[in-house]
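Accompanying notes for the structure given below.
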Amino acid sequence: MWVRENWDNTQINPTGFADFLEPAALTVCNTGNQSETLAVAEEALRSGAISLVVMQLNKPIGLTEGRRLQLAARDGQSTGLAIIPEGMGSNAAETRWRCTPMFDPKDSTLQKWDLIKNKSGTLGVWHVRWDTASRRIIMVPPARE
């Protein structure tokens, strides 16, 4: 499930996810404001019917809201992913990642993932790419100089 505020004029195209999942399996929810986005995400996470809920947010999440999302994900045995602008993270987050594309003329899916916050482990950097055939993320060793 992808939850976003309806004021944002950019739209998610489910067919763009075809390499990752069946477009019919993606539910897109438009909400009136961030409070509604958080409420929909919380209910979806808690339901146990959805394995992943992606939230597009444009303001910081308070500690209470972040903790509610964590508990809902735990109760529903699901994963919540908040896409937020730089510097607007929640202190309740278990992990915080910065994902940036990496240039490779032969591979448009190459990315650099920086784990910049981790409450239960160490920080690190990974180079990853999407493998369409296996529908998995593959670790890619960094290029040598």
- Query: Around R4, counting heavy atoms of other residues, nucleotides and ligands shown, do more than 12 lie under 6.0 Å from its CZ?
  - Reply: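 Correct, the count exceeds 12.
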- Query: According to the salt bridge (charged side-chain N to carboxylate O under 4.0 Å, His left out) rule, which pairs have a member within residues 115-125, sequence neighbours left out?
  - Reply: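 Every pair satisfying salt bridge (charged side-chain N to carboxylate O under 4.0 Å, His left out) with a residue in residues 115-125: there are none.
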- Could you tell me which residues satisfy side-chain hydrogen bond (donor to acceptor under 3.5 Å, both in side chains) with W113, sequence neighbours excluded, listed by chain and number?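 side-chain hydrogen bond (donor to acceptor under 3.5 Å, both in side chains) list for W113, sorted by chain: Q111.
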To the nearest 0.5 Å, tell me how far [X] [atom1] sits from [Y] [atom2].
{"X": "S47", "Y": "D75", "atom1": "OG", "atom2": "CG", "value": "11.0 Å"}
{"X": "H127", "Y": "I138", "atom1": "NE2", "atom2": "CD1", "value": "15.5 Å"}
{"X": "L115", "Y": "T122", "atom1": "CG", "atom2": "OG1", "value": "7.5 Å"}
{"X": "R68", "Y": "E42", "atom1": "CZ", "atom2": "CD", "value": "4.0 Å"}
{"X": "I137", "Y": "W126", "atom1": "CD1", "atom2": "CH2", "value": "12.5 Å"}
{"X": "W7", "Y": "N30", "atom1": "CH2", "atom2": "CG", "value": "12.0 Å"}

- Under 3.5 Å, is there a donor-acceptor pair linking the side chains of Q70 and E94?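 Yes, side-chain donor-acceptor contact under 3.5 Å.
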- Query: Would you say the side chains of S51 and S78 form a donor-acceptor pair under 3.5 Å?
  - Reply: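 Absent: no donor and acceptor within the cut-off.
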What are the two closest heavy atoms between [X] and [Y], and how far apart are they?
{"X": "W97", "Y": "I116", "value": "N-CG1, 4.3 Å"}
{"X": "S134", "Y": "D131", "value": "OG-OD2, 2.6 Å"}
{"X": "N118", "Y": "L123", "value": "N-CD2, 3.7 Å"}

Using side-chain heavy atoms (C-beta onward) and a distance below 4.5 Å, is [X] in contact with [Y]?
{"X": "N6", "Y": "T31", "answer": "no"}
{"X": "V128", "Y": "M139", "answer": "yes"}
{"X": "V125", "Y": "K112", "answer": "yes"}

- Intermediate values then yes/no, side chain to side chain contact (heavy atoms under 4.5 Å, CB included), W2 and I83: CA-CA 10 Å; W2 195 289; I83 298 175; 3.8 Å; yes
- Donor-acceptor contact present, side-chain E43 to main-chain A39, <3.5 Å: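 Not confirmed, E43 side chain does not pair with A39 backbone.
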- Task: Keeping the roles fixed (side chain from N33, backbone from S35), state whether a donor-acceptor pair exists under 3.5 Å.
- Result: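 Present.
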- Members other than M55 in its cluster, when Ile, Leu, Val, Met, Phe, Trp, Tyr link by side-chain heavy atoms under 4.5 Å?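 When side chains under 4.5 Å apart are linked, the cluster holding M55 also contains M1, V3, L38, V40, L45, I50, V53, L57, I61, L69, I84.
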